[in-house]
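A short write-up of the structure that comes next.
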Amino acid sequence: MVDTTLGLVWQRLATRRPVVVAHRGDSGAQPENTLTAFAAAIDAGAQVIEFDVHASADGIPVCIHDETLDRTTDAATVLGRAGIEVAHAALADLAKLDAGRWMGVEHAGVGLPTLQAALDLMLPRVIPMIEHKGGAAEVLVELLQRLGVVEAVLVQSFDWNFVRRVHSLEPRMMLGVLGEGRLDAESLARIPLTGASLVHWHVHDLRAEDIDELRRRGLLVCVYTANSDVELAGAAALGADAITTNHPARLGALVERGIARPA
Ligand code: G3P
Ligand code: CA
């Protein structure tokens, strides 16, 4: 059930039009999970920015998708070894990395941001959708409480026990459960136990009747990751409250052209 302050904001935003969620920022055009991608997503008109968070070895939440540093940074060169996990790197070392060069030389010089820097950039202009990939619930909740933003952000995870733990630590926080594959009766029964008010499911796996059922249960429905015009328009027509995309400007343009959620 939607019973958090931010959940009500989402509900209002999604009344007729699907909410535009920029996946890893404007990641179709800029290096994912960087301040550059987040700023570009805001410029593109995204209402929500989805991004991934791991904790460094010294317990600082940082924005990066993978467990290891190699795909999106130059860690192998700068730190002298491939295969280093984010959780085994200190923030001082992460701060030396280039998180843009992998995408093209024109993106060189972009750093790997901390969660705090990302939130400083986003709030209050867009809603941060923080995907937990690694790190303890206590560390994340303590930081968000210290920053005074627990009612301004959404936290989500594929690890539903993590979501449940966050809910027990901070019931004011809007939460999402991520999933893929068939949305079966067991999953439907587990959702209320997590405290989540948003279900974020793989766009290829969610059927029209699943969306109807989730909405009947008072849950917000978001789908990931829709990128083509057909996927984006289809998700809107089936009633998704929000759509996660690598191309927020493309979705925004379709919304302007009139793709809408059913009344
Ligand atoms: O939040 C939806 C989506 O980002 C989940 O998958 O692998 O892109 O983090 P992934
Ligand atoms: Ca993600």
Side chain proximity check, [X] to [Y], heavy atoms < 4.5 angstrom:
X	Y	value
L94	T114	no
M173	V141	yes
V255	L232	no
L144	I130	yes
D120	Q116	yes
L6	W10	yes
T194	L175	no
Q30	M103	no

Look at the side chain of [X] and the backbone N and O of [Y], then say whether any donor-acceptor pair between them is shorter than 3.5 Å.
X	Y	answer
H167	A196	no
R172	T4	no
N33	D52	yes
Q47	V20	yes
D205	G181	yes
R250	D229	no
T245	P248	no
D74	D98	yes
S27	R24	no
D241	V221	yes

Parallel, tilted or perpendicular: ring planes of W160 versus W201, cut at 30 and 60 degrees =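 Answer is perpendicular, since the angle exceeds 60°.
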Do [X] and [Y] belong to the same hydrophobic cluster, where Ile, Leu, Val, Met, Phe, Trp and Tyr are linked whenever their side-chain heavy atoms lie under 4.5 Å apart, directly or via other members?
X	Y	answer
L219	L238	yes
L220	V166	no
V199	I243	yes
L154	V21	yes
L121	I127	no

Please find the pair of heavy atoms, one from [X] and one from [Y], that lie closest to each other, and give the distance.
X	Y	result
A118	C63	CB-SG, 3.8 Å
H107	A29	CE1-O, 3.5 Å
A136	F162	C-CE1, 4.0 Å
A108	R101	CB-CD, 3.8 Å
M129	L198	CE-CD2, 4.3 Å
L69	A75	CB-CB, 3.6 Å

task = Give the C-alpha distance, both sets of side-chain angles, the deciding distance and a yes or no for salt bridge (charged side-chain N to carboxylate O under 4.0 Å, His left out) between R190 and E186.
result = CA-CA 6 Å; R190 278 184 68 205; E186 191 193 329; 5.4 Å; no
E213/R207 under salt bridge (charged side-chain N to carboxylate O under 4.0 Å, His left out): CA gap, chis, key distance, verdict = CA-CA 10 Å; E213 181 58 33; R207 301 165 305 173; over 6 Å; no
task = Please confirm whether Y224 and H200 have ring centers closer than 6.0 angstrom.
result =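 Between H200 and Y224, which both carry aromatic rings, the centre distance is below 6.0 Å.
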inquiry  = I'd like to know whether CD of E67 has more than 12 heavy-atom contacts from other residues, nucleotides or ligands below 6.0 angstrom.
reply    =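 Result for CD/E67: open.
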ask   = Within a reach of under 6.0 Å around CZ of R146, are more than 12 heavy atoms found that belong to other residues, nucleotides or ligands?
value =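 Count over threshold, so yes.
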Between [X] and [Y]: side-chain donor-acceptor atoms closer than 3.5 Å:
X	Y	answer
H204	E231	yes
E50	T244	no
D159	S157	no

request  = Check each of N246, I259, V19 against L251 using the side-chain contact (heavy atoms from CB on, under 4.5 Å) test, and report the only one that passes.
outcome  =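 Single pass found, and it is I259.
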